Amino acid sequence: MNKNNYIPQPIDTTGVVLPKELNDLAEEIAKNVHEVWSEGRMKEGWTYGEERDDAKKHHPCLVPYEDLTETEKEYDRNTSQETLKLIMKLGFKIVKE
């Protein structure tokens, strides 16, 4: 396959509705997604910078999750919610013990 012809084909989760009791879990996952991303960047030598600069390895999102803009949080929330929806779509149940 030619990389220029790649067409993403995520599993359709549009019909899956997350139960309200998973909202807190989705937010915790979103926060953890950010923490894992931040840790990985920092291990690669990235530091905080007001503007992204790939050459200097500066990134404005290297801050605690709570300090991110709502737009940035939405990116992580979408990842967590879509992951939970996929789990449900595939027939798994999420149960808190």
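The figures that follow rest on heavy atoms only: side chains count, while hydrogens, waters and symmetry mates do not. From a predicted model like this one, the values you see are computed outputs, not experimental measurements.
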Can you tell me how far apart [atom1] ([X]) and [atom2] ([Y]) are? Round to the nearest 0.5 Å.
X     : Y     : atom1 : atom2 : answer
Leu90 : Lys85 : CG    : NZ    : 14.0 Å
Ile94 : Ile87 : CD1   : CD1   : 4.5 Å
Met88 : Leu18 : CE    : CG    : 6.0 Å
Cys61 : Tyr75 : SG    : OH    : 10.5 Å
Thr47 : His58 : OG1   : NE2   : 3.5 Å
Met42 : Lys57 : CE    : NZ    : 13.5 Å

Compare all side-chain heavy atoms of Lys73 with those of Asp76 and state whether any distance is below 4.5 angstrom. no

Determine whether Val33 and Thr83 make a side-chain contact, defined as any pair of heavy atoms from C-beta on separated by less than 4.5 Å. no

Residues that Ser80 engages under side-chain hydrogen bond (donor to acceptor under 3.5 Å, both in side chains), provided they are two or more places apart: none

Could you list the residues that satisfy side-chain hydrogen bond (donor to acceptor under 3.5 Å, both in side chains) with Glu27, not counting sequence neighbours? Tyr65, Arg77

Which residues pass the salt bridge (Lys or Arg N to Asp or Glu O under 4.0 Å) test with Asp67, sequence neighbours left out? none

Can you name the residues that form a salt bridge (Lys or Arg N to Asp or Glu O under 4.0 Å) with Arg52, not counting sequence neighbours? Asp54

Identify the heavy atoms of Leu62 and Trp37 that sit nearest to each other, and give their distance. CD2-CZ3, 3.7 Å

So, does [X] use its side chain to make a donor-acceptor pair with the main chain of [Y] at under 3.5 Å?
X     : Y     : value
His34 : Leu68 : no
Thr69 : Glu72 : yes
Lys89 : Ile11 : no

Where at least one partner belongs to residues 31-50, residue pairs that pass salt bridge (charged side-chain N to carboxylate O under 4.0 Å, His left out), sequence neighbours excluded: Lys31-Glu66

Can you run down the ring pair (Phe, Tyr, Trp, His ring centres under 6.0 Å) pairs that involve residues 76-97, sequence neighbours left out, and say none if there aren't any? none

Do Val36 and Leu86 share a hydrophobic cluster (ILVMFWY, side-chain heavy atoms under 4.5 Å, transitive)? no

Is it true that atom CD of Glu51 has more than 12 heavy atoms of other residues, nucleotides or ligands lying nearer than 6.0 Å? no

